[in-house]
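Okay, structure first, notes after.
Computed from a prediction, not measured in an experiment: that's the story for all the values here. The figures here come from the full heavy-atom set of this structure, side chains too, leaving out hydrogens, waters and symmetry mates. To find a chain, count down the sequence lines: A is the first, B the second, and so on, and within it residues start at 1.
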Amino acid sequence: MTRLTVPKTYKLYIGGAFPRSESGRSYEVVSPSGAFLANAALASRKDARDAVVAARAAVGRWSAATGYNRGQVLYRIAELLDGRRAQFVDELSRSEGISTAAAGAQVDAAVDVWVWYAGWADKYVQVAGNANAVSGPYFNISVPEPTGVVAIVAPQDAGGLLGLVSVVAPALVAGNTVVVVANERAPLSAITLAEVLATSDVPGGVVNVLTGSPAELAPWLASHADVNALDLAGAERLEWVDLQIAAAETLMRVLPPVTGIPGPSLERILAFTETKTVWHTKSLL
Amino acid sequence: MTAPDRFLDYAPAPESTSILHLRDSYGLFIDGEFTEGHGTPFATISPATEKHIAQVANANAHDVDLAVAAARRAYERSWSRMSGADRGKYLFRIARLVQERARELAVAESLDNGKPIKESRDVDVPLVAAWFFYYAGWADKLDYAGLGANPRALGVAAQVIPWNFPLLMLAWKIAPALAAGNTVVIKPAETTPLSALIFAEILQQAELPAGVVNIVTGAGDTGAALVNHTDVDKVAFTGSTAVGRAIARSTAGTGKKLTLELGGKAANIVFDDAPLDQAIEGIVNGIFFNQGHVCCAGSRLLVQENIHDEVVDRLKARLSTLRLGDPLDKNTDIGAINSREQLERIRRLSDVGEAEGAERWTAPCAIPEAGFWFAPTIFTGVTTSSTIAREEIFGPVLSVLTFRTPAEAIAKANNTPYGLSAGIWSDKGSRILAVADSLRAGVIWANTFNRFDPASPFGGYKESGYGREGGRHGLAAYLASAPLEPARVAAPTARKQLKK
């Protein structure tokens with residue numbers, strides 16, 4: 001007699017907890033062949049706003065952590081993701097209809113993306129900042145700092161896990177916190193990744209994962225006055241120009257859509273930073 | 001008259017305007033030549049006397065078309081094909097010509113803008129030369145700008161600049177754009193076109209290839225036609241947050257690279273251990289420099305509660321010695337407000353401050369009969385919710401608030417949608433560094449204020465805009481990285497296990 005399985009309820013990830021949508025809504029997630037996989041939470045405007053509140057509350061602690069500390073936490077995510085490889089391979093192959101080899105390659109790539117970005121956390125300041133030789137008796141230095149709360153539309157094509165990781169990881173490096181709308185059709189690995197995040201010493205609220213409709217959620221995030229930056233990576237098929245126009249209201253920093261999954265780059269880290277220049281007088285001896 | 005007043009009497013020492021060779025009317029500068037505009041010409045006046053200076057051409061959409069087309073031709077036929085070394089040489093030439101004609105430029109600037117000659121002579125124009133000299137050296141070193149090897153120019157840059165530092169803002173825009181290999185169409189502010197048109201003569205003397213820099217004068221509709229032109233690749237704007245927001249909306253989805261340097265409401269934080277002699281001078285410089293027409297002005301004084309009365313008393317004493325009047329007089333500290341419109345805004349917001357319950361103090365000084373003037377003003381008893389603590393006044397008006405602890409100072413300083421600059425005054429280095437870390441502002445001056453340098457990046461957080469001007473960072477606004485090899489994050493074919 002085969003054992004009856006205990007399937008998981010896929011919920012949202014907000015402020016370090018796993019709530020259902022406050023709206024009580026869910027939507028059916030199916031495999032490419034049409035098989036029922038799960039009822040994922042269909043996040044609402046209120047969920048998006050709750051996620052922004054949680055992300056804002058987490059900015060202080062995460063951005064004040066040392067680069068060394070943030071680097072270790074990001075590396076810890078890679079460790080735990082690697083440890084759960086079999087679970088992700090199983091889930092990805094079922095939900096994305098890909099071979100276990102392809103699913104394994106996707107998990108490995110996602111692990112390596114975390115490792116790559118983890119190493120930047122205590123280095124990007126040196127690469128992007130510098131001392132300035134000004135004409136006068138002043139100490140003058142420019143350093144990059146996190147922008148604050150970053151709202152992200154994750155890539156919506158195949159590769160739900162790698163797509164999500166490729167946009168969330170760079171935003172975290174500098175100390176930003178994130179509200180990410182997962183791949184609409186393949187959201188399960190995003191929530192399972194949230195379980196990894198919840199056990200990786202990532203403080204609650206640093207990453208908030210919404211599942212549901214990007215078309216419904218993105219306008220609320222783009223027009224939210226407490227969001228500092230908007231990454232439209234996966235918004236190619238949305239009315240993304242309208243999102244950019246909405247974001248202009250608060251001079252939000254906006255990254256345009258990309259085709260496919262963005263490769264690892266320092267530029268994606270720096271896109272969510274601000275340059276602060278500090279002058280201090282030197283006394284005349 | 002009391003004795004100290006007599007002591008501070010000076011004989012007038014006006015700078016002569018005979019150095020200027022002004023024309024009766026100025027055209028647009030397109031494709032290396034002055035041409036008539038198709039809009040209705042307008043007059044530029046001296047805000048200190050309201051006297052007519054010259055007629056200035058008004059560019060309409062057709063003129064903007066011509067200017068953008070000239071810039072595109074110059075980009076494709078000469079500027080993008082020229083070596084970085086040669087581009088740099090042109091910029092060095094311009095820097096030298098600015099130095100050679102520094103006095104003339106300073107007089108023109110003070111005449112047209114109303115700022116004191118000691119500022120245009122000692123700050124604006126020297127910085128203009130320094131800006132061109134600094135970026136000249138970058139033109140053949142772009143591989144070292146931190147954007148990877150072979151970064152490329154964007155193409156035609158549309159630039160719109162404000163009236164508070166007319167020639168300096170022109171330099172901030174043109175120097176990095178040209179160094180990076182772009183060509184330019186720039187629109188000076190409607191009330192201050194004069195120095196830009198003299199600068200056009202400098203470009204002719206430098207024999208800069210035609211069309212590399214085009215100057216179109218006019219008002220807001222000229223600027224809108226320029227930034228919305230379909231053949232520009234880059235938009236750079238300095239001015240109000242309201243206009244910046246409109247530009248961000250209108251360029252959305254166009255692929256134009258956008259940098260915005262917008263408004264501010266900077267906190268100038270004075271701790272009780274501050275070197276007070278220097279702090280008083282710094283507070284005065286922070287808000288009364290250039291009549292407070294400074295986006296990064298220290299318009300909110302946050303003073304530790306236990307030294308509030310002493311600081312305010314000393315500020316009042318110091319402000320009582322400032323000399324307001326003829327911008328061309330070398331003794332003048334406070335010049336004219338740039339326009340009647342701006343004067344009305346300052347008056348209106350000051351009246352609101354008073355109506356909301358803040359206590360108003362105005363420096364005792366005689367106001368000339370003609371022209372636009374506003375005496376240095378301090379408001380005490382201001383709260384964080386007061387209009388004059390939230391809205392940018394852009395005039396010689398200081399709002400004084402108090403705090404007790406560093407945490408309160410930081411919270412109040414950051415309690416604004418703006419984030420351009422901030423000041424910290426304290427003798428304790430560790431506290432300065434910790435407070436500087438916590439302030440959400442792009443430029444922080446510690447035990448100084450309103451310092452500018454071409455090597456030092458300048459620009460805001462939050463609604464003060466995005467992008468940086470100055471320094472290596474300033475080049476990024478005008479360059480695109482060469483297509484990057486994606487960083488190799490290998491998805492290994494065979495997984496190697498750690499041997500245990």
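- Looking only at side-chain heavy atoms (C-beta outward), Leu251(A) and Tyr466(B) come within less than 4.5 Å of each other.
- Heavy-atom pairs under 4.5 Å with chain A were tallied for Ala436(B), Ala422(B), Ala252(B), Ala248(B); the largest tally goes to Ala252(B).
- Most heavy-atom pairs under 4.5 Å with chain B: of the set Val241(A), Val107(A), Asn132(A), Thr277(A), this distinction falls to Thr277(A).
- Residues Trp445(B) and His280(A) form no side-chain contact, since every pair of their non-hydrogen atoms from C-beta on lies 4.5 Å or further apart.
- Open room surrounds NZ on Lys428(B); 12 or fewer heavy atoms of other groups in view lie less than 6.0 Å from it.
- Residue Thr147(A) touches chain B through its backbone alone, counting heavy-atom pairs closer than 4.5 Å.
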ask   = Between Lys462(B) and Glu274(A), does a salt bridge (charged side-chain N to carboxylate O under 4.0 Å, His left out) hold up when you go through it step by step?
value = CA-CA 9 Å; Lys462(B) 301 194 283 186; Glu274(A) 308 287 334; over 6 Å; no

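- Between the NZ atom in Lys276(A) and the OG atom in Ser421(B) there is a gap of 12.0 Å [rounded to 0.5 Å].
- Taking CG from Asn130(A) and OG from Ser456(B), the interatomic distance works out to 9.5 Å, rounded to the nearest 0.5 Å.
- Atom OG of residue Ser135(A) and atom CZ of residue Phe452(B) lie 14.5 Å apart, to the nearest 0.5 angstrom.
- Considering NZ of Lys282(A) and CG of Asn447(B), their distance stands at 14.5 Å, rounded to 0.5 Å.
- Ranking Gly459(B), Gly471(B), Ala441(B), Ser464(B) against chain A, the residue ahead of the rest is Ala441(B), based on heavy-atom pairs under 4.5 Å.
- Interface remark: Phe139(A) contributes no atoms to any contact with chain B (heavy atom separation under 4.5 Å).
- Within 6.0 Å of the CD atom in Glu281(B), the count of heavy atoms belonging to other residues, nucleotides or ligands exceeds 12.
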task = May I have the step-by-step check of side-chain contact (heavy atoms from CB on, under 4.5 Å) for Gln244(A) and Arg249(B), ending in yes or no?
result = CA-CA 7 Å; Gln244(A) 196 174 358; Arg249(B) 275 194 295 265; over 6 Å; no

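- Only the backbone of Val127(A) comes within less than 4.5 Å of a heavy atom in chain B; its side chain stays farther off.
- Proximity to chain B (any heavy atom under 4.5 Å) is restricted, for Pro146(A), to the backbone atoms N, CA, C and O.
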request  = Using the side-chain hydrogen bond (donor to acceptor under 3.5 Å, both in side chains) rule, take Glu267(A) and Ser481(B) through it: C-alpha gap first, then chi angles, then the decisive distance, then the call.
outcome  = CA-CA 10 Å; Glu267(A) 278 176 319; Ser481(B) 303; 2.9 Å; yes

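- The only member of Asp437(B), Ile444(B), Leu439(B), Ile424(B) that meets side chain to side chain contact (heavy atoms under 4.5 Å, CB included) when paired with Val278(A) is Ile444(B).
- No side-chain heavy atom of Asn140(A) sits under 4.5 Å from any side-chain heavy atom of Asp453(B).
- Only the backbone of Ser438(B) has a heavy atom closer than 4.5 Å to any heavy atom of chain A.
- Options Ala229(A), Ser63(A), Gly136(A), Ala128(A) differ in how many heavy-atom pairs under 4.5 Å they form with chain B, and the most are formed by Ala128(A).
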